[in-house]
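Report on the following structure.
Below, each value reflects all heavy atoms present in this structure, side chains not excepted, and no hydrogens, waters or symmetry copies. Everything numeric here is computed off the predicted structure, so don't read it as measured data.
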Amino acid sequence: MSTDGQELRFEQTRLDQVMIEIDNQIITLQQNVTDIKTDIVEIRRNFWDDVTVNFDDAHEAAETYASMKQQAEVLSERERTHRHAQKQLKTLHRLKLSPYFGRIDLLEDGEVSSEEIYLGIASLLDDQDEQFLVYDWRAPVASLYYDYSPGPVEYETPSGTISGKMELKRQYIIREGHIRSMFDTGVTIGDELLQEVLGKQSDSQMKSIVATIQREQNRIIRNERSRLLIVQGAAGSGKTSAALQRVAYLLYRYRETLQAEQIVLFSPNPLFNSYISTVLPELGEKNMQQTTFHEYLEHRLGSTFELEDPFTQLEYVHTAMHDPHYKTRVTAIQYKASLPFMRTIDRYLETLGIANMRFKDIRFRDRTLIAADTISQRFYSHDPSLAIPNRMRLLAEWLLGELKEIARRERNKPWVEDEIELLDNEDFHRVYKKLQKKKRMSGATFDDYEMERKLLAASVVNEHFAPIGTEVKRLGFIDMPAVYQQLFELAKSERSTLAVEAAPVQWDAICSHTLEKLSVAQLSYEDATPYLYLKERIEGFHTNTSVRHVFIDEAQDYSPFQFAFLKKLFPYAKMTVLGDLNQAIYAHVRADASLDQFSAFFGADETETIILTRSYRSTRPIVELTRRLIDGGEAIEPFNRDGQKPTLTTTATPKEHATKIKERILELQKSGHRTIAVIGKTAQESQAAYDLLAGELPIRLIEKETVSFEPGTLVIPAYLAKGVEFDAVIIYDASAAQYSREEERKLFYTACTRAMHELHLFSLGSISPFLGALPGEFYVHEQ
């Protein structure tokens with residue numbers, strides 16, 4: 001119920017006092033920052049004046065070192081203080097915009113009076129540093145605001161469970177020092193506050209809205225027990241936002257032991273990284289490491305192969321249905337993503353421990369220094385009970401020893417004399433200094449031309465052999481492309497020997513297609529993870545033991561094979577995976593797939609699954625339409641935010657189609673929408689749409705290489721729009737020609753659910769059967 005005028009006056013008076021305190025602290029801190037900066041400049045300017053420099057003897061040198069160290073420590077301490085003060089200043093300026101958003105009155109058991117607890121994006125103490133004027137939303141007591149209605153409550157603290165009674169739960173909308181709205185509420189965050197936030201025009205980045213966190217989202221944010229946290233959330237349910245707030249909470253909760261660099265987010269594409277880049281800085285935290293799974297693969301394999309990206313694979317799946325190899329390719333995508341294929345590779349590795357490991361000749365100046373056969377014989381001379389990576393390390397040590405002997409013999413070769421003749425003065429000077437040092441150490445006093453020549457020869461040979469040694473240390477003598485290629489050669493010709501698990505009927509065709517690609521140094525996206533897994537199992541896994549938390553967004557797009565690989569890559573990390581099976585648009589995702597399949601990699605008692613069914617992004621009319629596009633959509637609950645019904649416009653010709661869409665874009669721009677997306681099914685369709693629209697409208701084409709997200713009107717393929725929201729969405733062509741196969745249903749659903757306020761569908765010709773199956777009451781059919 002609404003609070004009365006007296007309460008509002010009391011709250012405004014308190015807010016005024018808090019604003020004064022913030023201003024006072026800003027003034028004091030700004031002066032401190034200025035003073036500290038002056039100190040730093042002064043210390044840097046006079047650094048050497050305050051250091052006693054004397055290297056005449058060991059004692060004086062030690063004193064010099066101590067003096068320098070002391071001065072450097074003073075400078076370092078002032079710089080740390082300056083950084084901390086700057087961070088505090090930024091926090092105060094953020095608090096000034098809106099000091100707090102909620103209040104709870106808590107009467108703890110055993111106490112006679114309740115405490116008024118105000119919650120904001122950061123803590124604020126009074127001028128005596130004794131009383132909290134505002135509590136950070138991540139503090140343990142703040143969980144009461146998100147999880148309880150007035151009545152009996154309890155919350156966990158590091159020292160134990162605190163119980164009591166919540167006597168009041170109040171929310172505020174504060175702008176520029178004034179309470180615009182204030183209301184008391186119950187279990188969930190009040191609709192009035194959500195309406196305020198969700199009704200706004202979309203910005204070019206996702207925002208941190210901690211005031212609107214719902215109870216189920218708070219379970220995600222504050223989960224500390226689970227090693228694997230699975231979040232299955234409907235489109236627009238706030239799962240990504242909750243995950244980012246979770247990062248902020250973890251950095252706050254474990255601020256003494258956890259750094260932002262120890263958290264990694266795998267996101268769907270580079271554009272998404274730009275979209276979410278402001279959330280953590282808004283909360284005063286550094287951004288965690290952000291990458292995509294493909295970027296990691298490219299980093300590891302890009303120098304060996306022309307590596308296909310997942311979007312090119314997806315383009316193929318949605319545009320190449322008439323390719324004679326289409327069915328074989330799609331089957332290969334599905335099989336190579338599976339755990340049976342992973343187990344096939346494991347069995348292949350067992351055979352490689354006995355025979356058929358492929359090596360490369362170590363060559364120099366068109367000569368073979370150590371033949372592949374020799375390397376192979378040495379490898380298999382080691383105890384077969386040793387793990388393959390251990391045998392490889394022993395082999396590398398032996399090869400380095402052999403190369404050292406070969407390099408010694410190489411110094412007398414004619415090419416070395418030729419190289420010495422070509423040396424410049426700098427090289428000669430370097431060798432001369434080595435020679436002088438050698439003479440001093442040996443006590444020799446004579447000039448030695450022969451010694452000089454030997455040193456020059458050694459220098460020349462070592463310089464040429466150094467890259468070979470480096471390559472050996474990197475295990476570059478293993479012919480990994482040949483090892484992976486051999487898997488398919490053996491699997492095709494000796495299937496019974498290799499025992500390919502659950503091989504599809506097109507297995508021989510899959511092997512032939514894979515070998516054809518590998519022969520020209522091309523690696524399909526579905527081969528990238530298996531190839532890298534095989535490489536890691538042979539060379540030894542490049543595990544990252546420093547990362548403590550891994551977040552995987554759009555987890556439904558990850559195969560079991562890819563997840564198993566990531567689990568090995570980050571063996572000590574807790575994992576948070578977020579996804580929506582209704583947006584599973586990649587070909588490897590099985591119809592019966594579930595995010596719970598990832599729980600097999602952790603113990604049942606280490607896994608928790610949270611399901612978010614309420615959609616907040618879109619207006620109720622948009623959700624009422626989109627949830628009927630998919631099986632099980634009745635479980636999705638729309639938030640009660642009104643808006644206009646989606647529209648459907650059918651056109652007869654490409655010219656009429658483009659004209660109608662241009663008219664709609666102009667209407668949307670005039671109505672003040674900041675972000676408008678024309679969504680094509682594929683990059684191919686998006687390019688065609690852009691070519692038709694760009695001449696008369698300021699419009700931007702989003703491609704897979706695009707890394708920045710900005711407001712405006714853009715054309716984007718459906719799969720790049722995943723995870724992003726727009727004020728208004730235009731589906732470029734919702735016709736049966738584009739969306740009719742069952743495999744395209746989820747892509748269509750994904751595109752439609754990007755809309756916050758308005759959704760407009762255009763169909764060139766007959767409409768998609770996905771729309772045709774819906775009652776006309778869910779959209780307005782325009783001509």
Side-chain angles (χ1 to χ4, degrees), residues 296-305 307 336-362 370-400 402 468-491 494 497-501 511 514-515 517-519 521 523-524 526-545 561-571:
Y296 176 76
L297 294 174
E298 183 70 39
H299 168 69
R300 295 294 308 279
L301 302 176
S303 61
T304 306
F305 293 102
L307 180 61
K336 290 175 180 177
S338 70
L339 293 180
F341 186 55
M342 187 179 185
R343 289 191 288 268
T344 295
I345 292 177
D346 289 338
R347 279 193 287 275
Y348 176 49
L349 282 160
E350 291 173 8
T351 69
L352 291 176
I354 301 167
N356 292 324
M357 186 68 76
R358 305 292 296 274
F359 296 100
K360 294 185 286 190
D361 293 338
I362 296 178
I370 307 174
D373 286 346
T374 304
I375 298 172
S376 180
Q377 288 169 14
R378 183 72 185 189
F379 174 76
Y380 287 110
S381 71
H382 291 297
D383 184 349
S385 67
L386 286 174
I388 289 177
N390 292 339
R391 291 155 76 182
M392 287 298 178
R393 281 191 284 274
L394 291 172
L395 181 58
E397 289 175 14
W398 176 78
L399 286 170
L400 289 171
E402 291 294 297
I468 303 174
T470 299
E471 192 66 11
V472 167
K473 290 174 185 175
R474 293 174 180 166
L475 307 185
F477 52 86
I478 307 170
D479 193 345
M480 275 306 309
V483 173
Y484 190 66
Q485 184 173 317
Q486 182 178 250
L487 165 62
F488 295 94
E489 292 168 347
L490 292 173
E494 304 176 30
T497 304
L498 189 57
V500 179
E501 184 175 339
C511 290
T514 306
L515 290 169
K517 286 278 190 182
L518 292 172
S519 68
L523 197 66
S524 299
E526 61 268 24
D527 281 295
T529 305
Y531 178 92
L532 191 53
Y533 174 74
L534 178 63
K535 178 180 171 68
E536 296 285 82
R537 286 292 310 277
I538 289 172
E539 297 179 359
F541 252 87
H542 288 68
T543 56
N544 188 318
T545 57
F561 200 146
Q562 289 172 332
F563 189 82
F565 180 81
L566 286 174
K567 176 70 169 58
K568 283 184 173 289
L569 197 62
F570 302 101

Residues forming a side-chain hydrogen bond (donor to acceptor under 3.5 Å, both in side chains) with [X], sequence neighbours excluded:
| X | value |
| --- | --- |
| Thr529 | none |
| Asn544 | Ser546 |
| Arg537 | Asp346, Tyr533 |
| Asp383 | Ser385 |

Just wondering, do [Y] and [X] contact through their side chains at under 4.5 Å, heavy atoms?
| X | Y | value |
| --- | --- | --- |
| Tyr531 | Pro481 | yes |
| Leu518 | Leu523 | yes |
| Asp527 | Lys517 | no |
| Ile362 | Glu402 | no |
| Arg391 | Leu395 | no |
| Phe477 | Phe379 | no |
| Thr374 | Arg378 | no |

Worksheet item: Who passes side-chain contact (heavy atoms from CB on, under 4.5 Å) against Arg474, sequence neighbours left out?
Response: Thr470, Glu471
Fill in: Test side-chain contact (heavy atoms from CB on, under 4.5 Å) applied to Glu539 - qualifying residues, sequence neighbours left out
Leu475, Ile478, Met480, Lys535, His542
[X] versus [Y], closest heavy-atom pair with distance:
| X | Y | result |
| --- | --- | --- |
| Lys568 | Thr543 | O-CG2, 3.3 Å |
| Leu490 | Tyr348 | CD1-CE1, 3.8 Å |
| Leu394 | Leu386 | CD1-CD1, 3.9 Å |
| Ala528 | Leu301 | O-CD1, 3.7 Å |
| Ala396 | Val472 | O-CG1, 3.7 Å |
| Thr304 | Ala521 | O-CB, 4.3 Å |

Discussion item. For a quick check under 3.5 Å, do Thr514 and Lys336 share a side-chain donor-acceptor pair by atom type?
Written reply: yes
Can you tell me how far apart [atom1] ([X]) and [atom2] ([Y]) are? Round to the nearest 0.5 Å.
| X | Y | atom1 | atom2 | value |
| --- | --- | --- | --- | --- |
| Phe565 | Met342 | CZ | CE | 9.0 Å |
| Leu399 | Glu397 | CG | CD | 10.5 Å |
| His382 | Asn390 | NE2 | CG | 10.5 Å |
| Phe359 | Met392 | CZ | CE | 4.0 Å |
| Ile370 | Ile468 | CD1 | CD1 | 9.0 Å |
| Arg343 | Ser338 | CZ | OG | 7.5 Å |

Is the backbone N or O of [Y] less than 3.5 Å from a side-chain atom of [X], with the two atoms forming a donor-acceptor pair by type?
| X | Y | value |
| --- | --- | --- |
| Tyr484 | Pro530 | no |
| Gln486 | Asn356 | yes |
| Thr344 | Glu501 | yes |

Item to complete: Any chance you could lay out the side-chain contact (heavy atoms from CB on, under 4.5 Å) test for Tyr296 and Leu566, step after step, and finish with the verdict?
Response: CA-CA 11 Å; Tyr296 176 76; Leu566 286 174; 5.9 Å; no
